[in-house]
There are 2 protein chains.
Amino acid sequence: MKICTTYACHKFFATLANPTRLAIVEILMDSPKNVAQIAQALQQEQSMVSHNLKPLMECAFVFSEKKGRERVYSVNKELMEPLFHLIAFHESKYCPNGRICLTRKGMKLERMKEAQKTLYVNHE
Amino acid sequence: MKICTTYACHKFFATLANPTRLAIVEILMDSPKNVAQIAQALQQEQSMVSHNLKPLMECAFVFSEKKGRERVYSVNKELMEPLFHLIAFHESKYCPNGRICLTRKGMKLERMKEAQKTLYVNHE
DNA sequence: CTCTCACATGAAATCTTCTTCATATGAAAT
DNA sequence: ATTTCATATGAAGAAGATTTCATGTGAGAG
């Protein structure tokens, strides 16, 4: 039986394989926020936040609700909590100090350091 | 506490966000195989399989062992089984017929149909 | 009804990843 | 020692994704 070779499964992972979207998920874990609040928390442009919220919505990783003039986004904790616990366990077992994972081939070093400072966090 | 905005977490998802690598994981769920067997099962070139096995190894999604002249790859079921169960549950809840997920903006339709036929499976 | 605020969308440029083809490596067989 | 088999690696072109800037939209306030 095929479980992971579906386009839905690819989209699931592809949507989370992005530092901006992971950061959005992370700050929504704390509390629901509107677009401007997310943008401010991430120090990113509003249009970038909107662009990245779209695939998160399509995958039901976040939900949204209109409140007056704003739109408030919240995270799907039922999915995200067990998912990140699974990853945390996996990392603690196979990537204890995070060193192996801290290089990426195509990515320019300068840009990566920038990403580390802003969106990523070094887990040492 | 930061749990998902690490590069390790990004790499986790990025590695699985690829049809070839998902297909490799899937056929290894059945039984361990060497590179040539994987290539044959997927109808892909050997070098492509090797290239894609590398990130899977780095993330400890697959393991390998030398056996004589071959190298036999096996999947990390401890991780993959709960991971795909989580996704299956999520999909059953939010993507019941798979329709919403079956389009992708940037992807050329022709290429997508090809991918559907070979690597992906339409879950209807 | 018009203005404005909050957000979404489009398109182009840039950046990243994937695939392919050619070649390298290394261990086992002869 | 040489050949051969199994797999890995490198580099370049193609394909795909992300970001940015400009603009569009629509609901609520005045």
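Side-chain atoms are counted along with the backbone in the values below, which use heavy atoms only and exclude waters and symmetry mates. A, B, ... follow the sequence lines: proteins, then strands. Residue 1 opens every chain.
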Original post:
How many Å lie between CG on A:Leu53 and C1' on C:dT9, as a whole number?
Top reply: 14 Å

Original post:
With centres under 5.5 Å and planes under 30°, do A:His51 and D:dT18 count as stacked?
Top reply: no

**OP:** Please state whether the phosphate of D:dA6, meaning OP1 or OP2, lies under 4.0 angstrom from any side-chain nitrogen or oxygen of B:Tyr73.
**Re:** no

**OP:** Return the value, rounded to whole Å, for the distance between atom CD of B:Gln40 and atom P of D:dT7.
**Re:** 12 Å

Original post:
Quick check, are the ring centers of B:Phe12 and B:Phe61 under 6.0 angstrom apart?
Top reply: yes

Subject >> Rounded interatomic separation in angstrom, taking CE from A:Met48 and C1' from D:dC21 >> reply: 14 Å

Original post:
Between A:Phe89 and A:His85, does the ring centroid distance fall short of 6.0 Å?
Top reply: no

Subject >> B:Ser64 versus B:Met57, closest heavy-atom pair with distance >> reply: OG-CE, 3.7 Å

**OP:** Looking at every strand, decide which applies to A:Gln46 at a 4.0 Å heavy-atom threshold: base, sugar-phosphate, or nothing.
**Re:** base

Original post:
With respect to the phosphate group of D:dA17, does any side-chain polar atom (N or O) of A:Asn18 fall under 4.0 Å of OP1 or OP2?
Top reply: no

Subject >> Side-chain heavy atoms of A:Val25 within contact of A:Arg21, under 4.5 Å >> reply: no

Subject >> A:Ser47, nearest nucleotide to its side chain (from D:dT19, D:dA22, C:dC7) >> reply: D:dA22

Original post:
Taking B:Lys33 for the side chain and B:Leu28 for the main chain, is one N or O donor matched with an acceptor at less than 3.5 Å?
Top reply: no

Original post:
Rounded to whole angstrom units, what separation is found between the CD atom of B:Gln37 and the C1' atom of D:dA6?
Top reply: 12 Å

**OP:** Report the distance from atom CG of B:Leu56 to atom C1' of D:dA8, rounded to the nearest whole Å.
**Re:** 15 Å

Subject >> Qualifying salt bridge (charged side-chain N to carboxylate O under 4.0 Å, His left out) pairs, either residue in residues 66-85 of chain B, two or more places apart >> reply: A:Lys93-B:Glu78

Subject >> Contact summary for B:Cys59 and B:Thr15, nearest pair of heavy atoms >> reply: SG-OG1, 3.4 Å

Subject >> A:Glu70, nearest nucleotide to its side chain (from C:dT19, C:dC7, C:dT9) >> reply: C:dC7

Subject >> Separation of atom NE2 in B:His10 from atom P in C:dT16, rounded to whole Å >> reply: 10 Å

Subject >> Candidates D:dT7, D:dT19, C:dA8 - which lies nearest the side chain of A:Ser50 >> reply: C:dA8

Original post:
Nearest to the side chain of A:Val35 - D:dT19, C:dT19, C:dC7?
Top reply: C:dC7

**OP:** Ignoring the backbone of B:Asn34, work out which of D:dC21, C:dC18, D:dT7 is nearest its side chain.
**Re:** D:dT7

**OP:** Please report, rounded to the nearest Å, how far the P atom of C:dC21 is from the CD atom of B:Glu45.
**Re:** 6 Å

**OP:** Report yes if the side chains of A:Leu22 and B:Phe13 come closer than 4.5 Å at any heavy-atom pair, otherwise no.
**Re:** yes

Subject >> Whole angstrom value for the distance that separates C1' of C:dC21 from CD of B:Gln44 >> reply: 15 Å

Original post:
What nucleotide, of D:dT19, D:dC21, D:dT7, holds the atom closest to the side chain of B:Ala36?
Top reply: D:dT7

Original post:
How does protein reach along nucleotides 25-30 of chain C, written 5' to 3' as B (base within reach of a heavy atom under 4.0 Å), S (only sugar-phosphate), or - (no contact)?
Top reply: --SBS-

Original post:
Considering every strand shown, what is the Watson-Crick or G-U wobble mate of C:dA28 when both distances are under 3.5 Å?
Top reply: D:dT3

**OP:** Look at the side chain of A:Asn52 and decide which nucleotide, out of D:dT19, D:dT7, D:dT20, has an atom nearest to it.
**Re:** D:dT19

Subject >> Out of C:dA8, C:dC21, C:dT19, whichever nucleotide has its closest atom nearest the side chain of B:Thr20 >> reply: C:dT19

